[in-house]
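Have a look at the structure below, then the notes.
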There are 4 protein chains.
Amino acid sequence: MTERRGKQQRGIATQTALIEASARVFARMEYDTAKLKDISEEAGISLGSLYFHFGNKDDIASAVLDEQQTRMKTVLSAVAEAPHEHALAQLLSLIDEMAALIARDAMVQAGIRLLNSLPDELQARGYGDYVSWQEITQEIIVAGIADGSVTSPRPAEELAEILNEVFVGAQVMSGMRDAWASLPDRITRVRPLLLELFAPTGTR
Amino acid sequence: MTERRGKQQRGIATQTALIEASARVFARMEYDTAKLKDISEEAGISLGSLYFHFGNKDDIASAVLDEQQTRMKTVLSAVAEAPHEHALAQLLSLIDEMAALIARDAMVQAGIRLLNSLPDELQARGYGDYVSWQEITQEIIVAGIADGSVTSPRPAEELAEILNEVFVGAQVMSGMRDAWASLPDRITRVRPLLLELFAPTGTR
Amino acid sequence: MTERRGKQQRGIATQTALIEASARVFARMEYDTAKLKDISEEAGISLGSLYFHFGNKDDIASAVLDEQQTRMKTVLSAVAEAPHEHALAQLLSLIDEMAALIARDAMVQAGIRLLNSLPDELQARGYGDYVSWQEITQEIIVAGIADGSVTSPRPAEELAEILNEVFVGAQVMSGMRDAWASLPDRITRVRPLLLELFAPTGTR
Amino acid sequence: MTERRGKQQRGIATQTALIEASARVFARMEYDTAKLKDISEEAGISLGSLYFHFGNKDDIASAVLDEQQTRMKTVLSAVAEAPHEHALAQLLSLIDEMAALIARDAMVQAGIRLLNSLPDELQARGYGDYVSWQEITQEIIVAGIADGSVTSPRPAEELAEILNEVFVGAQVMSGMRDAWASLPDRITRVRPLLLELFAPTGTR
DNA sequence: GATGAATGAGAATTCATTCAT
DNA sequence: TATGAATGAATTCTCATTCAT
């Protein structure tokens, strides 16, 4: 019994190591560019073992994407539960936290890069879409409109879309330039623009 | 003479067809995902012929990137030569024209996508960088500061960087959603933000 | 431990089989004429496996050349350690042994043939040269001059060069005519000439 | 008529240029290593034209080999017709002349190299063999035995074979080291050995 | 669970040869 | 005659996946 548990634990450790190595690799290069050998070498674990734990390349990417979503949701929940003056403050806080997460977590970086280079089968599995993130921000924006912190006359959907664009732009540029290290700074830098977006000067 | 020209023309026609087919393929998928057979089939030209005109996959990507740069420079020159009230107007016009170009031209779309999926050797050849574009916009911004149309207290470099972020964000989102068709609209939509960026309300 | 050794052994066995099959193929035809499929079929091992063990065609040729050198050095050492009346006897013995080795060992035959058909990259790796063999014989000749067994007034370097020519001539002819089978006989046949070379009649 | 003759002349000039370019290329590398494009570039003549004049790669090699034989026969005849004290002198003279020819004539160099790297079909066409050369020298040796200039007790065939070996050895070494430039010197250097071969000291 | 080895289905690339002009 | 272009049949090489231990 103890032995079995030992084995299980060992297996889980391997699996974790593999997912983390995958994240590091996928954060560096596209899906097709990343070779399973790169991953097994990055993890220091044999290719055979990789296949014991994951059925194929797609599954590994899925695992990374799942883990990414988990980590993003954790941040999301934390922000949701923290007290905020109003919805706009919460939204800005969410963006800050998300930027910080991306900057520090290769798993999330990998997920971001994977979204742009996923084969069709995986796209179909429901990854490969910014939709859910956009829905979340949109909800907060709606709340902001309700509580008066968002005064822009634009519809919530459009605001969410624009926010997304700006955020993605900062992500892409920081991803290209310095492996996302500069993302938090970049976000800080565009905050005035976002404020103007959500609460234009004339309307405040 | 005519004979020679005839042969050259045929070759040039094939080469052009190949570059355009490559552009369509690279606009759809990453460098590694795109197979040379995809290109040769898209062009209706044999793989062998492809290799007669281009030495290898890298060379084809290079040719696409070269042609992209040519087309972007054409638009750039046109905007530079057109009369504008002031530098800021010129900058906004440039962005509009560039968005329109991207939306309609697979060559430019391919170039954009290639920038994110280029193998190292090609990166080294001087592609793979937004730098030159950023320098161009920065120059115009400097002119705008000089002629008073840009009133933001931020340094020109930072303004250029932020503009770039917003533009790239719109590119990426439109690229994912609808093959860049919505890019011009997206740019139109963020214009107020850009105005606020370059000429903040309090400073106008 | 046993398990690991078992796996390694299997791999080594395959590798050995591949090198030996390569030797047989390269002994029969030039580098460019030999196809990797010839080798993999000769070895009864898949092309993929060949690439698992050797990165490319050059590496296989290198492996063959390395093994050839090893085998030649083995003979060399054996002759060096065996007792001889004088250096000239040792030299003649070395030539005999080398001829016998060439006649019986496809690895060495392959190496010989490869030397004439190696691509430039491999030439550069230090193969593709008779120099070291010539240096060895030259050293023995110098010893022969010292111990009086070599009485020719020619400089040692020239003697080594001429010896080399005669030896190579016999190699080439036997290689063309009967896959090196006749080499030992040919060497025996030219012995009087070699004696005359090292100890001319008038000087003995 | 004149026009036709003009055209024919032009064609012959092209053909000659092609054969000579082929010779230069084949003198540098093996049959399989030499690419038809190498030849057409060396000649400065298009690949298409090459195929107009020669049916395929084999035919080009054949043409080179034919021309080589012509040139060797010319030297042979010249030596045969020149007056000599005795057959041995003629033989040595023949070897000298042949060495000089090889050293200066890329066509002959090409032929030599081709002999070792010819595909089977060409071997079958009667090239690929030193036999005829050996027969020629053997005949002279027989004459030498008859006129007393060759005093070796060895049979003529063996003498011819050994001569061949030594000559080939010198060819190969000079071919590898300096594109056959040193061949005449090498031949001069081994002359005492050859004398000893044909007229051993004790028998003169 | 884990590993090194093996495999086959592509993918990139080469090149003798043919074609259209 | 001559040429640039085109082609297809190899050939080398890659890599996700499977296998044996």
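All chains are named by letter (A, B, ...) in the order of the sequence lines, taking the proteins before the strands, and each is independently numbered beginning at 1.
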Any C:H53 side-chain nitrogen or oxygen under 4.0 Å from OP1 or OP2 of E:dG4: no
Least distance between heavy atoms, D:A179 atom then D:Q109 atom: O-NE2, 3.9 Å
Protein-nucleotide distance (D:E30, atom CD; E:dC15, atom P), rounded to Å: 15 Å
Side-chain heavy-atom pair A:I19, A:T16 within 4.5 angstrom cut-off: no
Pairs where residues 38-47 of chain B contributes a residue and the test side chain to side chain donor-acceptor pair (under 3.5 Å) is met, not counting sequence neighbours: B:R24-B:E42, B:R28-B:E42
Whole-Å distance separating the CD1 atom of D:I12 from the P atom of F:dA2: 11 Å
Which residues share a side chain to side chain contact (heavy atoms under 4.5 Å, CB included) with D:D58, sequence neighbours left out: D:Y31, D:N56, D:P119, D:E121, D:L122, D:R125
Partner residues of C:T14 under the side chain to side chain contact (heavy atoms under 4.5 Å, CB included) criterion, sequence neighbours left out: C:L18, C:I45, C:S49, C:H53
D:V64 to D:A110 - nearest heavy-atom pair and separation: CG1-CB, 3.8 Å
Nucleic acid contacts - residues 15-27 of chain A versus DNA chain F, non-hydrogen atoms under 4.0 Å: none
Any side-chain heavy-atom pair of B:N116 and A:M176 under 4.5 Å: yes
Dot-bracket summary - DNA chain E, pairs being Watson-Crick or G-U whose distances fall under 3.5 Å, with | when paired to another strand: .||||||||||||||||||||
Value in whole Å for how far the C1' atom of F:dA5 lies from CG of D:L50: 16 Å
For A:A34, side chain to side chain contact (heavy atoms under 4.5 Å, CB included) partners two or more places apart: A:V25, A:F26, A:M29
Note, A:M107 side chain near A:T70 side chain (heavy atom, < 4.5 Å): no
Sub-4.5 Å side-chain heavy-atom contact between D:I112 and D:Q68: yes
Any protein N or O atoms within reach of nucleotides 8-12 of chain E? Criterion: under 3.5 Å, listing atom names and distances.
residue: E:dA12; atom: OP1; partner: B:K57; partner atom: NZ; Å: 3.3
residue: E:dA12; atom: OP2; partner: B:L36; partner atom: N; Å: 3.1

Between C1' of E:dA16 and CD1 of D:I39, the distance in whole Å: 12 Å
Upstream residue (5' side of DNA chain E) when C:I45 and B:G55 are each assigned their closest nucleotide: C:I45
Whole angstrom value for the distance that separates C1' of E:dT17 from CG of D:D59: 12 Å
All salt bridge (Lys or Arg N to Asp or Glu O under 4.0 Å) counterparts of A:D32, not counting sequence neighbours: none
Residue-phosphate contact under 4.0 Å: C:T14 side-chain N/O, E:dA6 OP1/OP2: yes
Between F:dT11 (P) and C:I60 (CD1): distance, integer Å: 15 Å
D:F52 CZ - F:dT3 P separation (whole Å): 11 Å
